[in-house]
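The next block holds one structure in the form of structure tokens; read it before the comments.
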Amino acid sequence: MVDQMNPAALEAPPTPRQMRKARAQLKFLDGTASQSQLIRRRYKSNPMAMFGLYLLCLIYFTAIFAGFLAPHSASSTSADHAYQPPQAVHFTLEDGFFIHPTESSTDIETLQRVFVEDPDVKIPLTFFATGDEYQLLGFIPADVHFFGTVDPDQRLYLLGADRAGADLLSLILYGGQISLSLGLIGVAVSLVLGIVIGGISGYFGGLTDTIIQRVIEFIMSIPTLPLWLGLAAAIPPRWGITETYFAITMILSLLGWTGMARVIRGRVLQSRGEDYILAAKLDGASHGRIILRHMMPSFVSHIIASMSLAVPAMILAETSLSFLGLGLRAPAISWGVLLQDSQNLQVVANAPWLLMPALAVVLTVIAFNFVGDGLRDAADPYGK
Amino acid sequence: MTSTPGLSRRSFVQLGAGMIAGVALVTLAGCTFDAPAGTAGAAGTKTSLKEAPMLTKLVKEGKLPELAKRLPAKPAVAASFGGTALYGGTLKRGQLDAGDRGVMQAFATASFVEWDEDNRKPVPSLAEKFESNDDMSEFTMTLRSGLKWSDGEPYTADDVLFVMQNWLGNKTMMPSAPYWFSSADKSVPQAEKVSDTVIKISFTSPTPLWPKYLSNPSVGGQFVKPLHYLRQFHPDFTDQGTVDAQAKAAGFDSWDKYFADRDNTWTNPDVPVMGAYRVITSASSASGTADLERNPYYYKTDADGRQLPFVDRLQVQILAQEALDLRAANGDLDFQAQFLGYNTTQVYLQNAEKNGFHVDRWTPAGSLLSLCPNLSHKDPEIRELFSKKEFRGALSQAINREAINKSLLGGLGVVMQPVAPKGDEYYSDGIGKNFLEFDADAANSALDELGLTEKDSNGVRLMNSGKPLDFVLLYVDATTEIARTDAYSMVVKDLANVGIKLTLKPADSTLYTQSRTTNDYDIDGTTVPQTKFDLEPVWYVPTGGNSHSAPAFGQWYASAGESGEQPSADVQKLLDSWDALRTATSDDARVKAGKAIMKQHSDECYMIGILALPFVPVVINNDLLNVRDDKPELAFVLGRERVTKPEQLAFATGE
Amino acid sequence: MIRFIGARILYVIPTLFAISLISYFIIQLPPGDFLTSQIASLEQQGQTLDPAYVDALRQRYGIGEPFWVQYGKWMGGILFEGDLGQSFEYGRPVTALIAERLPLTLILGVTTLIFTWVIALTAGVYSAVKQRSFADYAISTVGFIALAIPNFLAALLLAYAGFTLFGASIGGLFSPEYANAPWSWGKVIDLMNHLWIPVLVIGLAGTAGIIRVTRANLLDELPKPYVVTARAKGLPEGKIIRKYPLRIALNPFISTAGWHLPSLFDGEVIVAQVLALGTTGPLLLGALKSQDMYLAGGIILIIAVLTVIGTLMSDILLAVVDPRVRFGKA
Amino acid sequence: MDARQVPAPSWRRPSTDWRSDPPRGDVIVDVRNLHASFYTPDAEVKAVDDISFQAVRGRTLCIVGESGSGKSATARSLMQLIDYPGQISEGNILFSPGAGSAVQDIAAMEPTCEEIRAIRGRQISMIFQEPMSSLSPVHTIGNQISEVLEIHQGLKPRQTRERVIEELRRVGIPLPEERIDSYTFQLSGGMRQRAMIAMALIARPSLLIADEPTTALDVTTQAQILDLLAELKEQLGMSLIFITHDMGVVAEIADDVAVMRHGKIVEQGPVDQIFHDPQHDYTKQLLGSVQGGATSRNRRAKIERAAASPVVRERADPAITEVTERPLLSIRDLRMEFHTVAGGLFARRSKKKLEAVKGVSLDIAPGTTFGLVGESGCGKTTLGRCILRAYKPTSGQIFFDEAGREQVDLAALSERELKPYRARVRMVFQDPYGSLNPRMTVRQVVEEPLRMLDGVDSEERGERTAVMLERVGLKRSAMNRYPHAFSGGERQRIGMARALITDPSLVVADEAVSALDVSVRAQVLDLMAELQDQLSLTYLFISHDLSVVERICDDVAVMYFGDVVEQGAAEDVFERPQHPYTQALLSATPVTDPSARGTKGRLTYQP
């Protein structure tokens, strides 16, 4: 069958990729492939989903190693480089990578910031440059940056600078740490609430189910905007950035769990009627074992799929909250905060590169959606 | 990034759009719609007309008395900032908030007295004469004779009495009279009608600031209320039952709220006014657009006796900040200073030429970004520390203002301390220079000398109790002027260099006010107005619980010792000077007291100034004449755009 | 039927009470009150209010009263006099404020809804029928991008594009010259000129979800035997899809159609805010931010009532379109 | 739904030029060298692999074969209805609606083209296996039937409605004026299938293709539908192609038979030839599986005699049944009620009591196989599940009396007390697909019941699983594979292994073989018998399939609407059915000999 689909395999020695594929195929055919293997197999056959997955890994990689990848620390600014447009990196064999320094001045008449490049001077760039100190993975002190200026006092603006002269690339990378984790943590909390409440609702049914469903309906019919505003504004004023961040996450997940609970309830209800669940019951398995061992595997991929779709919603919700001035605020850095800062005509007209955080949001949301869709399609290898 | 993309295309597209619009208009020819301005045929070279053609028409139709009968015997003559003008046209503006009455204050205020051209002293306006006795506790006001409300009813001393007795004196509406309406002992002034045009107003103590308060459009405007219209809503003139029933029928739960609603010239088109314009359609309507029309009985003329205003109509649209900026850049706003973001000036400038407007640079007031340590801090140790001039000075010296200036304003900003600027009557030589220079070494050694030598592992100095110098800076984040978070972030770094940790706490404006008025903050970040501080003294003198520097002391002062905390000796000295100022019996004594306050501020550095805007942008249609071009101050107490006496603005084309 | 609706309405009453109570409570959660926010907003403009005066006002307005007393008064007014109270900020009856904004709000809401559904359904059906084609991928990508760009940013960018490309006046739903003019063709055209940005922004952002669900539902239905049956009758393909699988795939939407009712009313707040549309959304946002209790409470209450009515409508609609529900077989 | 499809060939392979060799005049469809394939990500799956056959005008051609043999794909090819990603890749389908009319090659038509649409429903129509899902749930049957007329005849709405009512009457739907506005879910299975037939016939096609039209129906209903089809075919002079897996049905209606296997026709010919002189081994195997021990002509005669005699024996009283030894299971007056919320959105919601089992008493002797028969919905499954205590019965007793153990009333035990008995009474499920958790390996599935037993460690569980798998005829190596790797028969063996691993004494087999193909069915039944001997098991065998019950059961009880209407030794019940329902049930079972066709009289039971 393998040969049939790929006649070339007969002629040339198989590449490792073909070998892997063939092995997967064999595993599938002889039935030793587990659910996760089957899901992976189906998932891999979906190009959009794979693209989303690669993109997502890349995005999270950049967020986790933001300190290392960012040329500068998020708080490092330079008065001389406010609104510095993205710099072009040059390369010659003798000098390697370099940029030209810029001299900025403000035209009093037009208020325009003029950046004059000095083509005679070269600021050498290098990989693994020494620069601002940071904590790798949050606890390892380090000062090596993936790419940066050889002289730690020089500045590099690959994506340009904001109005305070902070490097936008670094801001986006550091902002990703908050935005991306906020979504994950928020969804995780929603998920725990959703699994517990939705699971109870679906498995036991009856009056319990009715009450929980009414409560969920009730919560869902409270308009979200006032709820956001009320909860967000109720965050104690003394709280610092970390606490506020935590509180925002909580707010987002408190609003998100109802959806998750419904999904999980539905899945539990559905599998409750399956013959193999009855079989498990007759096999003497306990409620806990039935839910965890017999039911969960069948919808864990669906849960992951709906989680992956909930994360971008959380990220977008955070940007909206920031826009309303209720979410995180500068000096905290999140994509929402960065976007809030670029919410003005000056940026759109004269510093459009500051809209780049939107691109980060868009890419992330799309990546999550592709992954979620792919997972959903691949979720049930035995369905249909 | 200097050129705006798509410009070359624009003209082409605009042409296309214009053609479409043209077609639309043609096809609409038969329909009823308010033709856009420009169809009125009053143009030409009729600069000699004494009244607007739209009024002449009404006079001819018999709907309006002739001009002479509408003007007072001696009309007030408005200062002019330009030449001859044509009548007509609609002036378009925008604003952020439907409830904001800034337009009324700027364009349609009528008050007894108003600022002179130099904005230095009050000059009579509705009043023909405004005199005080020797100790400034009694004021005699002579109204112009023949003044009329916008509905043609005469404006007399009875209207003034109504305000003084039935409004200011009514405990329901005025449970506690604000200080600008009251004597030092908080009693409201007594008014006495001498004749139909002469009123005597007496305070229990000297009140030298009263004429100035009256000149402030937001205050002075409140003293002009039409008795003949409002009496129907006031229980002193109409049966209480009827008044209550009316209020209820209109959806109000008490008569005073209904009265306030009827009295609101910005939202109630029915209330007669004395100002240059009256509202036809309120801004809170669904269209989000307020229409204002000229008051045919307006009491001012230009030097040639031509009745003002020249512009027929105002149109004010409620817009979001971004939409407002876009409109300004598009030349859709004819004359606008308030609400424009400084940071968008570049965009205005880029689009000015092709969209037919220019950008003037006026002098900002109240744009000086500052830090105000809480002198009445709840924690005694911090209060002690903040009360030390050396400490405040060290804070100030630690800040590298030029770097902030360079970064945020391209070096154009003005670095100064918050004191009265040169030209203000309370300015004296040499003030405002203390601790202004960036000198981290001096700051460090000053802090060392204060005994703050111990440091924790993060390099933050420790107080005697062992607590670190870790303060929260509370402020409302805003980016339309100087981006506050950016500026303060740099301050954070500067202070870190001298061992002081500052944590930023940008807050919602309500939360910010709440925290401040409950004395629950370390350092307040605010912008401080500098001129005419006596009109809004709370920045410089803790006169109330809303003080930026010492709310607890302010509360004590406002409640006469009933609540709050007794001020420190320093602050008491400020308050004493303030008392001396507001009860001075002569201008000299008043100015002296004011200078003392400024000097004390300059010496003690209670507030730490950082940076002020170099200018505020004003967008002006190229066709609009008579806008003063001497970089006037855009200040709230001057009524903002009122500073250019907007009733004498005119369109060159007359439209 | 009548009995059913009656029972539903009875069930709705306690829900509404609970929602109104909770909403009212939530509005009060933030620190400070309306007067604090008024002072704050005046201060932003450079003006101060005498604290003593403010305290006196606070008493006059009953702002310092306990939560229950305020809520009781408010509810009492609604129940016995049909009076939603009056806005502190506007000093006008809440009902009047809402009524003024209702027509434009509905125009925007309905236009957006129609736009969204026309686009999303067409795209969703096409995606499903041409599953895994280039068009399918393109549609979902475009949908996701529209979903992913924060609304406020999309609104700003479109507004800027309108400005640079057409020199269009952005903001509000009317040009100044038509704002307060009586209705005429010119005004309608002017409205259309302003309406497209919010409709596009809100509409496109909403399409992604609908496209995805339509596509998924339709893909579930397409292989069903009844489709083959229809084909076996000799029906043309387009008619088959419209009459059978699409009809059934739409059921979940119909069952949620009523949920759009409240969104017609409060619209897309953020976009309406950025573009300064004279709809109820920004009114609500402003009221919440300035803690204008009665205005915010009134709008929320209306939204809650609409939500409940919407759900009811959905149930009825679903029963109308789906006989399985009607006969209790689903 | 797999992601990447192997691209179907965009060109059609050149078909042979049939014009030089046109089909015979009496042939309505001449299929020549037909190939149809499904294109999956990995391969081209040939569903129909080079088949040729002819359907003769006015005759019934049965295409018979087991699941996956390609018979449905063949049928659908005839109307170009193969589901994506399937496609006819080669061959001709030469169709001529009437003698002498033009010959069209359906295989050469695009699946959505105008020409094929004109044929569909008008000249060839089709009825499907599952009328419930083959009809739209949200349109009335009248709407769906009239559509055919609208497309093909363009009648006025009023005329159309009349025609539809008339057609519904013709197919035997009572009160057609009312039923025309019914939805599918408001009709019984038989009525739905009648409606489907009406839809297929209303445009008077010359060829009707019936794709397993009776498989989803109860035997009695199946008999009615088969009779109806035969009758209508006569009346309307149609040709019929009938797809089925059931040789009994073939014997009932076929004129010609084509036997398919793995996409190929292994044998074709007139029905008598196939039944009496089968050439191919596979055909013999198919026939063997239905004929061995099946109802003989002899017995049928007896049934008819019994039905004719007015003597109806009293309902068997369990107390009278001879008790040679103590029954393993003794059920006394068992009742099971379900409370359902009935009534829709618009009706008043009322709690409705549904009595699924109405006071049943039974005795099952150890070591025997007890058959419980009845049509779907008669309560036999509920009864089985009560015994397993998947449900808690409303009232009554279930005495379980194992040798060497204390007698217990299973109905009265609490969940906790029940635990030891979960290992003693086991179940084999009907659906070999749904009853095995696809996410667990065979080992995990089979050893699960051992976990409830104390002192069985992982190693022992593994060993016992392996032994049990070998015992049911699977390899040890199956342990680490997932159920999806196994065929239906193998899965049922896994299900058996799971049931037997705790060494139970009673096994409830609920329709344990009805989902299996005939050839596999026999193997599983043999296995069950073998294990019964080896392990001295007692079976409660629940089935609607009388032939199977007759073959393997010692005792039989017949259930009808929650009641046991007749019970006794299998021999007695099948030879001398007393209750009219039992008689009706037996008479509906198809004969498996085409030459016996027409000798039968159908009995119906109307209580």
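All chains are named by letter (A, B, ...) in the order of the sequence lines, taking the proteins before the strands, and each is independently numbered beginning at 1. For the numbers below, each heavy atom of this structure counts, side chains included, while hydrogens, waters and symmetry mates do not.
- The salt bridge (charged side-chain N to carboxylate O under 4.0 Å, His left out) search around D:Asp431 returns none, not counting sequence neighbours.
- With sequence neighbours excluded, the residues that form a side chain to side chain contact (heavy atoms under 4.5 Å, CB included) with D:Thr381 are D:Arg385, D:Asp510.
- The interface of residues 419-429 of chain D with chain A, defined by heavy-atom distances below 4.5 Å, comprises D:Lys419, D:Arg422, D:Arg426, D:Met427, D:Phe429.
- Between A:Arg262 and A:Gln213 the shortest side-chain heavy-atom distance falls below 4.5 Å.
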Donor-acceptor pairs under 3.5 angstrom involving side-chain atoms of residues 359-367 of chain A: please list them, not counting sequence neighbours.
{"unit_1": "A:Thr364", "atom_1": "OG1", "unit_2": "A:Ala360", "atom_2": "O", "d": "2.6"}

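- Of all non-hydrogen atoms in A:Ile264 and A:Gly199, the two that sit nearest each other are CG2-N, 3.8 Å.
- Under the 4.5 Å side-chain criterion, counting only non-hydrogen atoms from C-beta, A:Lys281 is not in contact with A:His294.
- When heavy atoms are compared at a cutoff of 4.5 Å, D:Leu436 approaches chain A solely by way of its backbone atoms N, CA, C and O.
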